[in-house]
Amino acid sequence: MDYKLSKNLKLTAFIFMAVGAILFAVDYVNLPKTTQEVAALEAAHGGGHGGGHEQTSHDTTTEGHGGDAHEVASAHGEGHAEGGHTMSKEEHLEHTLGEYQNKPWSAIYVAAFFFFMIALACLAFYAIQYASQAGWSPLVLRVMEGITAYLLPGSLIMFGLLLLSGLHVNHMFHWMDPALVEEGNEHYDKLIAGKSGYLNVPFFLIRAAIFIAGWNLYRYLALKFSKNQDEASDNRWHKKSFKAAAAFLVFFIYTESIMSWDWIMSLDPHWFSTLFGWYVFAGMMVCAITTIALVTMILKSQGYLEKVNDSHIHDLAKFMFAFSIFWTYLWFSQFMLIWYSNIPEEVTYYIQRIEDYNLPFFAMLGMNFIFPLLILMNSDFKRVNWFVVMAGIIILLGHYVDIFNMVMPGTVGKSWSFGFVEIGSLLFFLGLFIYVVFNSLTKRPLEPKNNPLIEESKHFHY
């Protein structure tokens with residue numbers, strides 16, 4: 001049965017985008033634009049930053065990063081001084097203004113990366129099905145293809161944001177300030193200058209372009225081979241899908257790690273973690289598998305995918321549970337090793353988040369570990385759709401907060417809040433994601449034809 005995009009779902013997607021854009025615009029207009037407005041806002045909050053966060057006095061403020069401290073070089077709060085720098089009231093206001101100016105860009109960046117990573121990880125999971133010759137999954141391959149349709153627009157949006165950063169339209173990436181690598185400049189940063197052979201704008205954008213081209217090329221080939229297999233009388237195209245998937249997975253595991261260093265970890269350029277690529281990978285995968293499960297259940301509730309049974313949902317829920325535990329293992333490993341060693345340039349990453357982002361930091365841990373553990377540990381619950389839906393929604397929100405925690409401290413510091421720009425960005429990209437994914441599902445029949453493993457999938461029970 002071919003899927004038809006309902007008018008209600010299409011309208012809902014457009015409403016999300018419109019409401020999101022309006023909310024974003026309303027909050028953006030109300031953000032402070034001058035240091036005088038920042039001073040007035042801080043006075044209204046008793047000296048705190050956006051959302052009433054506690055802050056030191058205006059006369060002295062020390063912003064720590066990687067064992068050093070930031071000073072204010074410009075209205076964008078960029079600059080750095082070895083050994084610490086005490087800000088004057090004027091410098092503090094300039095620095096805080098820079099954080100507020102980063103706030104809308106950071107909100108867009110978090111939401112854009114969140115939905116992009118779902119599509120990318122779904123593509124990897126799709127490749128895993130072909131590379132492993134999985135027999136349970138052919139009935140949900142079209143769902144995966146639909147979700148990966150967001151990869152092209154999502155990756156182009158991400159590249160656009162990175163390009164704007166490289167052109168200094170925004171100042172999210174601290175290391176892009178040329179003053180930091182200019183010897184003799186009062187803002188010279190020895191550590192960032194030492195990384196400038198890798199962390200420089202042209203090479204940064206070239207890497208991003210190569211990654212995006214490679215990911216989208218595989219998706220193009222995967223869909224081409226899949227369509228050809230639907231019309232084939234032998235398994236020639238299925239074998240090509242296997243080879244392409246195996247090659248892509250090698251490319252993916254390298255590029256995903258480097259992407260996570262470039263696009264997320266370099267927002268805190270003085271900090272590093274050897275586990276970070278795996279940590280981001282685990283979050284990406286659990287979100288992608290959760291989205292596959294939710295879209296599958298939506299389609300099944302509408303009368304499509306009739307041959308998808310409780311065992312398929314159970315398998316998807318098992319993957320959700322497994323990757324939630326894997327994510328928690330990596331989170332704890334990264335946290336424990338850094339906290340225990342207590343090396344200043346490493347531990348400052350967590351000190352900042354625990355002190356300034358206490359609520360989202362610990363709420364994220366509960367949403368991504370404790371809740372999935374309690375709900376999905378029981379095997380019977382994995383076969384109950386509404387349990388899986390409930391767990392899935394919490395997991396997705398939890399990993400959105402995880403991305404929020406990774407991005408915001410390095411871009412807006414203590415000036416964070418969760419307001420209309422964040423909600424508006426999330427709603428806009430949610431609407432765009434829904435429209436692209438479900439519109440893509442209308443392009444082909446939801447059940448693959450001539451897939452050599454389709455009968456095994458139709459009779460998948462245990």
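Between the side chains of W175 and S266, a donor-acceptor pair is found at a separation under 3.5 Å. D262 and Y198 form a side-chain donor-acceptor contact under 3.5 Å, judged by distance and modelled atom types alone. Checking R444 against S226 by side-chain atom types alone, a donor-acceptor pair falls below 3.5 Å. With 3.5 Å as the limit, one finds a donor-acceptor pair spanning the side chains of N216 and S155. No side-chain N or O of T411 forms a donor-acceptor pair with one of K103 less than 3.5 Å apart.
Taking the six-membered ring for Trp and the full ring otherwise, F276 and W271 have centroids separated by under 6.0 Å. Taking the six-membered ring for Trp, F125 and F319 have ring centres closer than 6.0 Å. Aromatic ring centroids of F173 and F204 lie under 6.0 Å apart. In this structure, Y279 has its ring center closer than 6.0 angstrom to the ring center of W327. In this structure, W263 has its ring center no closer than 6.0 Å to that of F159.
A salt bridge does not link E355 to K414: none of the charged nitrogens lies less than 4.0 Å from a carboxylate oxygen. Under the 4.0 Å criterion applied to side-chain N and carboxylate O atoms, K195 and D189 are not assigned as salt-bridge partners.
At least one side-chain heavy atom of H270 sits under 4.5 Å from a side-chain heavy atom of I192. Side-chain contact between W339 and Y350 is present, with heavy atoms from C-beta onward closer than 4.5 Å. Residues V388 and M297 are in side-chain contact: their nearest non-hydrogen atoms beyond the backbone lie under 4.5 Å apart. Using a 4.5 Å cut-off on side-chain heavy atoms (C-beta onward), Y150 and F429 make contact.
Among all heavy-atom pairs drawn from M320 and I289, the shortest one is CG-CG2, 3.9 Å.
Going from atom CZ of R353 over to atom CZ of F362 covers 12.5 Å, rounded to the nearest 0.5 Å.
Side-chain atoms of K243 do not come within 3.5 Å of backbone N or O of S241 as any donor-acceptor pair.
Taking the ring centre of F211 as origin, the terminal cationic atom of R207 falls outside the region bounded by 6.0 Å and 45° from the ring axis. Geometrically, K227 does not engage Y220 in a cation-pi contact, judged by NZ or CZ lying under 6.0 Å from the ring centre and within 45° of the ring axis.
Within a 6.0 Å sphere centred on CZ of F272, other residues, nucleotides and ligands contribute 12 heavy atoms or fewer. More than 12 heavy atoms of other residues, nucleotides or ligands sit less than 6.0 Å from atom CZ of F361.
Aromatic ring orientation, F281 versus W278: perpendicular (interplanar angle above 60°, classes split at 30° and 60°).
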